[in-house]
S.K.: 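Sharing a structure, written as structure tokens. Questions coming.
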Amino acid sequence: MTTAKPAQGRQADLVAFARNTVDLINEKELLELLSEGRPLRVKFGMDPSSPDLHVGHMVQLLKLRELQELGHQIVLIVGDATAMVGDPTGKNKLRPQLSREDVERNLETYTDQARLVLDLERTEIRRNSEWFDKMDFTELLKLASRMTVAQMVERDTFQKRMKANEPIGIHEFLYPLMQGWDSVQVRADAELGGTDQLFNNLVGRTLQGQVGQRPQVVFTGPLINGLDGRKMSKSYENSVSLTDPANEMFGKLMSLDDESMEEWFRLLTQLPDEERQTVLAGHPREAKARLAEEITAFLHSPDAAKEARAAFDSQFRDKNVPEDIPLLEWPAQGEELPLFLLVAKLGLAQTSSDARRLQKQGAIRVNGEPELNDKRRFATGETEVLLQVGKRRFARVLISEVTSS
RNA sequence: GGGGGAAUACUCAAGCGGCCAACGAGGUCAGACUGUAAAUCUGAUGGCCACGCCUUCGCAGGUUCGAAUCCUGCUUCCCCCA
């Protein structure tokens with residue numbers, strides 16, 4: 001079912017594997033594999049412990065897609081068994097162990113999101129519970145005996161945590177072993193991961209070697225920083241989800257640090273090198289808008305991206321009031337409220353204290369005019385009024401003024 | 001089994017009897033400016049129809065006119081020795 005590729009094709013494959021990768025262990029073995037002329041089984045592990053994928057994952061997914069288009073077989077491992085362990089990677093905290101139900105729920109949203117980049121029809125998707133659920137304690141011990149504590153402790157995240165006097169659960173040592181065992185189970189020829197996965201993926205090589213398989217080639221893709229230049233992390237809220245609505249996605253991308261533009265362009269768009277250079281040499285705002293449009297177009301559609309860009313320009317560059325402002329209902333039946341409380345009750349501010357602060361700072365506008373008088377009261381009525389809190393929160397509401405003294 | 005540490009607001013982290021709604025940093029939010037939800041600068045950041053009132057410093061008690069700070073017990077975590 002497979003036809004051998006000519007040497008020229010192999011060269012193209014090698015370039016694809018090596019382009020934008022950080023580690024490639026190692027090139028010689030990869031060439032040997034490619035020269036067999038068959039599609040390689042390229043493994044990629046997904047950790048279903050968080051419900052959505054962001055553009056950081058997209059870097060790796062795009063690489064997989066590229067390889068997929070060259071005819072290689074992508075094997076997506078869903079780490080449903082591994083997710084039960086929690087995650088030892090640099091979070092500095094023990095990640096909570098997930099229940100089966102959590103994992104199942106995440107799994108669906110995960111594949112839906114991976115579909116945005118990968119052709120899942122041509123992708124082999126395997127859950128690692130497939131083999132780990134069958135593993136009994138004796139087998140587990142055998143697996144655990146394949147590596148030493150010293151080898152485990154080599155891992156930098158463990159090192160750091162030990163230095164910082166942070167706890168490490170015994171079970172966390174199993175995590176790399178499990179991931180490595182996945183490679184044995186699916187007979188991976190190569191495994192892609194973020195640079196943070198290097199250690200784990202190398203364990204796969206070790207284990208495959210021990211059971212007499214040809215050790216997989218390990219290659220890693222760069223981890224991109226978040227919108228603010230710090231490490232991309234959910235808790236920093238500096239990531240862009242693959243499923244963010246187009247407008248939000250575009251806006252978030254526009255808040256990217258200037259310094260990260262080159263990298264994001266290179267890793268997240270299909271733009272040819274030359275065109276990329278040209279765009280980056282131009283006006284920074286234009287370049288960023290182009291980047292945002294490219295990514296939004298890829299994940300949504302070119303039309304949606306255009307609209308998002310137009311809406312963004314209108315609202316933030318030209319400072320127009322956006323369309324589609326919701327008409328909110330008067331929150332407190334029949335009562336009259338001071339402006340700040342109204343804002344709070346409408347959900348435009350977190351708390352009434354928050355609303356007061358915002359008002360004091362001139363962030364609350366009524367029909368476009370900042371209102372600083374915190375004594376001003378309103379009641380429900382017939383007049384439609386535009387409320388604005390900061391630059392991004394808008395609402396319309398029907399009111400009648402009671403006092404303005 | 002023995003010994004030593006630690007628990008403070010979103011996060012990190014000061015405070016060690018009154019001047020503490022609690023230093024500082026980050027984050028977040030807002031304002032100004034602009035090239036944008038970049039950068040920079042400034043300010044705010046427990047709650048409350050609020051010039052005052054209420055609730056916070058792991059939990060529960062206690063000492064005191066007065067506690068995040070002292071005492072007792074409990075819980076959780078970390079380290080070292082065995």
Side-chain angles (χ1 to χ4, degrees), chain A residues 90-94 160-169 225-240 244-265 279-293 295-296 308-320 322 331-332 334-365 369-379 387-394 402-403 405:
Chain A
K91 298 268 169 175
N92 295 330
K93 283 203 177 120
L94 292 169
K160 276 184 206 144
R161 284 166 61 182
M162 277 160 44
K163 278 200 188 100
N165 285 347
E166 280 166 15
I168 298 170
N225 284 328
L227 294 167
D228 53 5
R230 293 185 296 164
K231 189 181 156 206
M232 190 177 291
S233 156
K234 290 244 166 51
S235 45
Y236 290 157
E237 293 188 346
N238 61 357
S239 62
V240 181
D244 279 340
N247 281 337
E248 194 181 328
M249 180 178 288
F250 190 93
K252 279 188 183 179
L253 289 165
M254 284 304 281
S255 78
L256 178 71
D257 270 5
D258 283 4
E259 295 72 53
S260 307
M261 270 201 285
E262 193 276 336
E263 185 183 41
W264 283 49
F265 250 116
V279 172
L280 283 167
H283 195 293
R285 190 195 180 277
E286 273 310 300
K288 201 177 290 177
R290 177 70 188 277
L291 173 69
E293 194 175 337
I295 296 174
T296 308
R309 179 171 182 164
F312 184 90
D313 283 348
S314 164
Q315 184 175 349
F316 296 107
R317 191 190 59 193
D318 308 332
K319 297 187 168 34
N320 292 325
E335 274 184 78
E336 60 169 79
L337 300 169
L339 179 60
F340 73 91
L341 237 199
L342 172 64
V343 164
K345 291 206 191 246
L346 286 173
L348 298 171
Q350 300 285 315
T351 62
S352 75
S353 300
D354 188 32
R356 270 178 190 273
R357 284 192 288 270
L358 288 164
Q359 184 170 27
K360 200 177 295 176
Q361 297 184 108
I364 299 182
R365 290 162 204 268
E369 289 303 311
E371 177 55 66
L372 293 165
N373 181 1
D374 64 351
K375 296 285 194 305
R376 200 163 169 195
R377 301 176 78 89
F378 297 98
L387 284 179
Q388 190 177 348
V389 179
K391 292 190 180 79
R392 280 188 270 168
R393 278 167 279 174
F394 294 87
V402 176
T403 55
S405 57

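Proteins come first, then strands; the chains are lettered A, B, ... in the order of their sequence lines, and each starts at number 1.
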S.K.: How long is the straight-line distance from CD1 of A/Ile364 back to CZ of A/Arg356, given to the nearest 0.5 Å?
M.R.: 10.5 Å

S.K.: Which value, in whole Å, describes the distance between the P atoms of nucleotides B/G4 and B/U72?
M.R.: 14 Å

S.K.: Would you give the length of the straight line joining atom CG of A/Leu256 to atom CD of A/Glu263, rounded to the nearest 0.5 angstrom?
M.R.: 9.0 Å

S.K.: If we call it a pair only when both distances are under 3.5 Å in a Watson-Crick or G-U wobble match, what pairs with B/A37?
M.R.: none

S.K.: Tell me the partner of B/U75, counting only Watson-Crick (N1-N3 plus N6-O4 or O6-N4) or G-U wobble (N1-O2 and O6-N3) with both under 3.5 Å; none if nothing fits.
M.R.: B/A7

S.K.: For nucleotides 31-36 of chain B, read 5' to 3', which letter fits each nucleotide if B means a protein heavy atom sits under 4.0 Å from the base, S means only the sugar-phosphate is that close, and - means neither?
M.R.: S--BBB

S.K.: Rounding to the closest angstrom, what is the interatomic distance between B/A68 and B/A21 at atom C1'?
M.R.: 12 Å

S.K.: Please state the P separation for the pair B/A82 and B/U11 - nearest whole angstrom.
M.R.: 37 Å

S.K.: Output the distance between atom NZ (A/Lys391) and atom CZ (A/Arg365), rounded to the nearest 0.5 Å.
M.R.: 8.0 Å

S.K.: Test for a donor-acceptor pair under 3.5 Å between the base of B/C49 and the side chain of A/Glu336, counting only N and O atoms.
M.R.: no

S.K.: Sticking with atom C1', work out how far B/G5 lies from B/A37, rounded to a whole angstrom.
M.R.: 45 Å

S.K.: Could you tell me which nucleotide pairs with B/C57 by Watson-Crick or G-U wobble geometry, both distances under 3.5 Å, or answer none if nothing does?
M.R.: none

S.K.: Does a distance-only test, which skips hydrogens and angles, find a donor-acceptor pair under 3.5 Å between the side chain of A/Arg357 and the base of B/C29?
M.R.: no

S.K.: So which heavy atom on A/Pro284 is nearest to which on A/Met261, and how close?
M.R.: O-CE, 3.8 Å

S.K.: Taking B/U76 as the reference, what is the distance to B/C59 when you measure between their C1' atoms (whole Å, please)?
M.R.: 10 Å

S.K.: For B/U34 versus B/U42, give the span between their C1' atoms, rounded off to a whole number of Å.
M.R.: 16 Å

S.K.: Counting only Watson-Crick or G-U wobble pairs whose two distances fall under 3.5 Å, which nucleotide matches B/C70?
M.R.: B/G62

S.K.: Taking any strand in view, what nucleotide pairs with B/U42 in a Watson-Crick or G-U wobble way, both distances under 3.5 Å?
M.R.: B/A30

S.K.: Side chain of A/Arg356 only, please: which of B/A50, B/A37, B/G47 is the nearest?
M.R.: B/A50

S.K.: Determine the interatomic distance between C1' on B/C12 and the same-named atom on B/U63; round to the nearest Å.
M.R.: 33 Å

S.K.: Can you tell me, in whole Å, how much space there is between the P of B/C49 and that of B/G61?
M.R.: 29 Å

S.K.: Listed in order of residue number, which residues of residues 341-351 of chain A have a non-hydrogen atom at under 4.0 Å from RNA chain B?
M.R.: A/Leu341, A/Thr351

S.K.: Within a radius of less than 6.0 Å around CD of A/Gln350, do more than 12 heavy atoms belonging to other residues, nucleotides or ligands occur?
M.R.: no

